[in-house]
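Heads up, the thing below is written out as structure tokens.
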Amino acid sequence: MQVVRLIPESDPFSSGAQRQPGSCAVATTGLESKYRVQYPNSQPRVSCIFTLDESSAEQLTELFGNQYTVNPDAAKSTDIPFQNARLLKLENVIPIDPATTKASDLHLQNFNGDAVQLDVCIEGADVCILIASENKNMGAAEVIAREAFNRKIMTAGLALGLSDAADMSEVINALRPFASVLVVANGTEYITDMLLALRA
Amino acid sequence: MLRKEVNDLLTQTDPGTPMGELFRQYWIPALLASELPEDDCPPVRAKLLGERLIAFRDSEGRYGLMDEFCAHRGVSLWFGRNEEGGLRCPYHGWKYDHTGQCIEVPSEPVESGFCSKIKLQAYPLVKIGDVLWTYMGAEENMPEQPAWEFALVPAEQTYTSKRWQESNWLQAMEGGIDSSHVSFLHSGGLKTDPLFRGAKGNQYNQADKKPVFEVVESEGGLFIGARRNAEEGRFYWRITPWVMPCFTMIPPRGDHPMHGHFWIPIDDENCWAWSYDYHPVRALTADERQAMIDGHGVHNDYVPGTFRPAANKDNDYLIDREAQKRGETYSGVKGIAIQDSSLQESMGPIVDRSRENLVSTDNGIIMARHRLRKAVIALRDKGIMPPGRTVEHQAVRSVASVLKADQPFVEACREDLKVRPGQKQTTV
């Protein structure tokens, strides 16, 4: 019986051992790029963005307005297609002792001013981003990061707009124990680029 | 992810494009000095930033870089006769000097002065170190000549190579600041490569596979610190400087030479991956230099007579699945340079960043794009010169160091991250 080969041996995309040398040359052309399968290759993700001081909160308000969940319509100064970014700030700036403060005891607000519980807002989050412009409320940062750690949620720290080296050192040192990634940025505009890049 | 319009903005470098204009504010590597080894040697084609150019070295040792094509009938001056102070088109004898000025049109009376009306677009070409550098922007904006340490140390302390990479410059450059891929793609090289092995720092790399990253903006670009656990609660830091738009330097390992890259657009779908190795205070040993020539470390071997890597897309990068199974290489591809180029070229000529899913550890890449976009727009809209042009911004070194846990690396290594002539690099 004659075997009909559906894939000729010379076809550069035939599988495994039959593949001929040089398939990469064909596969990487600009022409081939148009055959990449077009489909949504990721699910919407949830990002919790915590501002740890008044200055950071003001900067986010400047960027996004008084919203809790950022979406394209809500973003004031950008057309960035945010998905499910949750913007949160501390209810007050009184220093807290992380050793004695449970997640449920941390008083947070969304940017509408509504009270929000940490353990509620962090539920289902893919990433937590801690934003600090001053060396304040690092006790709160520890409580948030600890809760994120316990829930296996990635935590990133963003030290923002600190021109004074000593202040920067303090903020970095304070954030370092809690953040798997730490970024020191000069300007607030980095926030939007970062959130967009991360599909926040 | 990156929106398509931003991706286009950062990846297109032909004349008249915003990113092309940004690149034209810098001195960039154009050729290896060895490509024009002597006076009156054969001219060399050099395509840069989407411009077809011809480079030559005239009878007096002056370097020229100009439009490849004769102004008369469009003949390529690659066929030109390099003789008596200029490059002569073999078709009708028109001759050009190193500035692109036509100095002879044999068919016209000398007295007519016709040749003075003909000039090819030309750019300065200067030799610093092993490299011929060019500046393709407006004369009034020309910065100081390049002052990278690898190019300024004595010849016996430095080695530079280049290879043709068949992808856009940006996806190649992003590999240079993507520290997190090293633990995977290049994991085999730390144990075996003669230019990496034996350093104490390698033990930290191998013991802690989950580095923590810190990204800090600098005046000229970025410092990207990768932190791993060391002894007694200390951290082993590997700090990579990125200087705009496309210079990176890999953190050192032991007393091995320091190394890094430039990524220079040829056109939007090809770039030159420049790779340098140097030691700040001593000559390279004969073994080190030979290892570089043989393609170890960040270098590669070639298709003879070309700058195309011997392992390239036409031969599937000589992928060896058995070596991969044996654990000799992580991807099956041999050599740091080709491990990178194989994957970066596989993305396609210009990767579609709108389909990416970046994660927090990609913040170095996110920040670099952010800085580039800001600089491109500031130049385009306000004429503000971008960072990375000054000698101060170029006087950087990478660092490998063990620091106390509470020391911010930028503060603790402030002096180590600067060039200190005559002083050894900070390394582990």
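Every chain is numbered from 1 and lettered A, B, ... according to where its sequence line falls, protein lines coming before strand lines. Computed from heavy atoms alone, side chains included, the values below leave out hydrogens, waters and symmetry copies. What you see is a predicted model, and the numbers here were worked out from it, not measured in a lab.
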Pick one of side chain, backbone, both or neither for [X], based on which atoms fall under 4.5 Å of a heavy atom in chain B.
X        : result
A/Asn41  : both
A/Ser33  : side chain
A/Thr155 : neither
A/Met154 : side chain
A/Ala156 : side chain
A/Val183 : both

Please round to the nearest 0.5 Å and tell me the distance separating atom [atom1] of [X] and atom [atom2] of [Y].
X        : Y        : atom1 : atom2 : value
A/Leu198 : B/Ile366 : CG    : CD1   : 4.0 Å
A/Asn186 : B/Ser218 : CG    : OG    : 9.0 Å
A/Ile172 : B/Glu214 : CD1   : CD    : 6.5 Å
B/Met347 : A/Thr28  : CE    : OG1   : 12.5 Å
B/Asn363 : A/Ser180 : CG    : OG    : 11.5 Å
A/Gln38  : B/Arg355 : CD    : CZ    : 4.5 Å

Short side-chain to backbone donor-acceptor contact, [X] and [Y], under 3.5 Å:
X        : Y        : result
A/Arg176 : B/Ala405 : yes
B/Asp316 : A/Cys24  : yes
B/Asp314 : A/Ala25  : no

Just wondering, do A/Glu189 and B/His370 contact through their side chains at under 4.5 Å, heavy atoms?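 With C-beta onward as the side chain, the pair touches.
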Closest contact, heavy atoms only, B/Gln407 versus A/Asn173: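 Scanning both residues, the minimum pair turns out to be N-OD1, 4.2 Å.
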Shortest non-hydrogen contact from B/Ser346 to A/Arg36?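 Here B/Ser346 and A/Arg36 meet closest at O-NH2, 3.1 Å.
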Region of [X] in contact with chain A, defined by heavy-atom distances below 4.5 Å:
X        : value
B/Phe223 : neither
B/Val216 : both
B/Ser354 : backbone
B/Phe235 : side chain

Picking from [options], which has the most non-hydrogen pairs under 4.5 angstrom with chain A?
options                                : result
B/Thr361, B/Leu358, B/Val215, B/Val212 : B/Val215
B/Glu356, B/Glu166, B/Lys210, B/Arg353 : B/Glu356
B/Lys374, B/Arg371, B/Glu269           : B/Lys374

Taking everything shown except B/Lys209 itself, do over 12 heavy atoms lie less than 6.0 Å from its NZ?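 Result for NZ/B/Lys209: enclosed.
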If you count heavy atoms of other groups shown closer than 6.0 angstrom to CZ of A/Phe149, is the number above 12?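 Open.
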So A/Leu196 and B/Met1, side chain to side chain contact (heavy atoms under 4.5 Å, CB included) or not? Walk me through it. CA-CA 7 Å; A/Leu196 171 64; B/Met1 64 93 77; 3.5 Å; yes
Tell me, with the steps shown, if B/Arg373 and A/Asp193 meet salt bridge (Lys or Arg N to Asp or Glu O under 4.0 Å). CA-CA 10 Å; B/Arg373 186 176 67 83; A/Asp193 275 7; 2.9 Å; yes
Choice from A/Ile129, A/Asp126, A/Val181, A/Thr29 maximising heavy atom contacts with chain B below 4.5 Å: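 Ranked by heavy-atom pairs under 4.5 Å with chain B, first place is A/Val181.
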